[in-house]
Engineer: 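Have a look at this one.
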Amino acid sequence: MKDESQKKNFLSRAILVSMALGIILIAVSAIAGEINTEKSPQTIIVYTELDYPPYSYQDENGNPIGFNVNITRSIAKVMDLNVDIQIGPWGDIRKALESGKADVISGMYYSKEREKVVDFSPPYTIVHHAIFARKGSPSIKSEDELRGKEIIVMRGDIMNDYVLKNGLSENPVLVATQAEALRLLASGKHHYALLAKLPGLYWVKKLKLSNIVTVGPLIRPSKYCFAFHHDTSHL
């Protein structure tokens with residue numbers, strides 16, 4: 001029964017992802033029909049996040065794959081664009097975009113604070129975040145109960161911004177990836193990790209972290225978008 005339920009959940013997610021991609025491509029095709037685009041020899045550098053399945057991660061040969069990669073390549077094909085997709089730790093690619101070294105990020109959470117620094121496309125999906133804890137940790141009924149706790153977040157992630165903005169911790173524990181955050185938590189260090197739910201659950205299973213669970217309410221439904229440096233927002 002459990003395997004059957006997991007299959008149904010996976011199929012449901014796959015159907016939703018396919019529908020979302022279809023809607024995006026229909027919209028882009030309509031735009032392409034109205035614009036006389038000529039293929040440019042210029043290659044657009046598109047960055048996406050490392051170890052963030054199902055949105056962006058690497059195959060066994062180190063090539064970027066995932067939902068963000070599929071969307072980027074599909075739009076590039078419709079719009080007749082040359083793209084070079086690079087993958088790296090979130091903190092690094094966010095700095096690359098803000099400094100103008102990257103043209104586009106495929107997969108960045110929107111916030112008013114971030115919009116002051118970079119430009120955003122309309123969202124192509126909504127992602128919820130969750131509180132990860134070790135089994136036996138005190139229950140969490142509200143986000144306020146996180147105040148004063150040792151909280152692990154990815155460096156530069158929307159949860160990093162969220163923790164600081166809401167005063168949940170003045171010095172959150174910063175790591176490069178979700179996998180690193182969960183390994184650290186599972187080892188007995190710190191109290192909680194705030195991470196995107198679906199990628200986090202993937203790493204819990206992948207790394208066989210049997211002592212890690214989600215607790216409390218979901219946190220901040222976040223709009224997941226393409227993000228552009230101000231000088232490349234015409235894209």
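Quick caveat: nothing in here was measured; it's all calculated off a predicted structure.
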Engineer: For the atom pair CZ (Arg183) and CD1 (Ile212), what is the distance rounded to the nearest 0.5 Å?
Structural biologist: 12.0 Å
Engineer: Rounded to the nearest 0.5 Å, what separation is found between the CG atom of Leu146 and the CG atom of Leu168?
Structural biologist: 6.0 Å
Engineer: Mark yes or no for whether Thr72, through its side chain, and Asn70, through its backbone, hold a donor-acceptor pair below 3.5 Å.
Structural biologist: no
Engineer: Is it possible for you to say whether Ile85 and Ile65 belong to one hydrophobic cluster, with membership spreading through side-chain heavy-atom contacts below 4.5 Å?
Structural biologist: no
Engineer: Rounded to the nearest 0.5 Å, how far does OG1 of Thr214 lie from CZ of Phe132?
Structural biologist: 6.0 Å
Engineer: Report yes or no: do Ser106 and Thr48 form a side-chain donor-acceptor pair below 3.5 Å?
Structural biologist: no
Engineer: So, Glu115 side chain and Ser111 main chain: donor-acceptor pair closer than 3.5 Å or not?
Structural biologist: no
Engineer: To the closest 0.5 Å, what do you measure between CZ (Phe226) and CG (Asp119)?
Structural biologist: 14.5 Å
Engineer: Is the closest side-chain heavy-atom distance between Ile44 and Asn82 below 4.5 Å?
Structural biologist: no
Engineer: Is it true that atom CD of Glu170 has more than 12 heavy atoms of other residues, nucleotides or ligands lying nearer than 6.0 Å?
Structural biologist: no
Engineer: Decide whether Tyr124 and Asn68 meet the rule of one side-chain donor and one side-chain acceptor closer than 3.5 Å.
Structural biologist: yes
Engineer: What's the separation between atom CG in Leu184 and atom CD in Glu150, rounded to the nearest 0.5 Å?
Structural biologist: 10.0 Å
Engineer: Can you name the closest pair of heavy atoms from Ile158 and Ser222 and give their distance?
Structural biologist: CG2-OG, 4.3 Å
Engineer: Please, which pairs that meet ring pair (Phe, Tyr, Trp, His ring centres under 6.0 Å) have at least one residue in residues 79-113, sequence neighbours excluded?
Structural biologist: Tyr109-His129, Tyr109-Tyr224, Tyr110-Phe120
Engineer: Treating Asn166 as the side-chain partner and Tyr162 as the backbone partner, does any N or O pair qualify as donor plus acceptor under 3.5 Å?
Structural biologist: yes
Engineer: List the atom of Pro123, the atom of Cys225, and the distance in Å for their closest heavy-atom pair.
Structural biologist: CA-SG, 3.7 Å
Engineer: Please answer whether the main-chain N or O of Asn160 pairs with a side-chain N or O of Asp157 as donor and acceptor at a distance below 3.5 Å.
Structural biologist: no
Engineer: Tell me whether Lys197 at atom NZ has more than 12 heavy atoms from other residues, nucleotides or ligands lying less than 6.0 Å away.
Structural biologist: no
Engineer: Any donor and acceptor pair, going by atom type alone, linking the side chain of Arg134 with main-chain N or O of His190 inside 3.5 Å?
Structural biologist: yes
Engineer: Just so I know, are the side chains of Val127 and Leu198 near enough to count as touching, which here means a heavy-atom distance under 4.5 Å?
Structural biologist: no
Engineer: Can you list the residues that meet the salt bridge (Lys or Arg N to Asp or Glu O under 4.0 Å) rule with Glu143, with sequence neighbours excluded?
Structural biologist: none
Engineer: Hydrophobic clustering (ILVMFWY, side-chain heavy atoms < 4.5 Å, transitive) - are Tyr57 and Met108 grouped together?
Structural biologist: no
Engineer: Flag the pair Lys95 and Asp92 as a salt bridge only when some basic side-chain nitrogen lies within less than 4.0 angstrom of an acidic carboxylate oxygen.
Structural biologist: no
Engineer: Verify whether one side chain among Asp103 and His229 offers a donor that lies under 3.5 Å from an acceptor in the other.
Structural biologist: no
Engineer: Count I, L, V, M, F, W, Y as connected when their side-chain heavy atoms are under 4.5 Å apart, and connections chain through other members. Are Ile87 and Trp203 then in the same cluster?
Structural biologist: no
Engineer: Is it true that Glu98 and Arg94 have a side-chain N and a carboxylate O under 4.0 angstrom from each other?
Structural biologist: yes
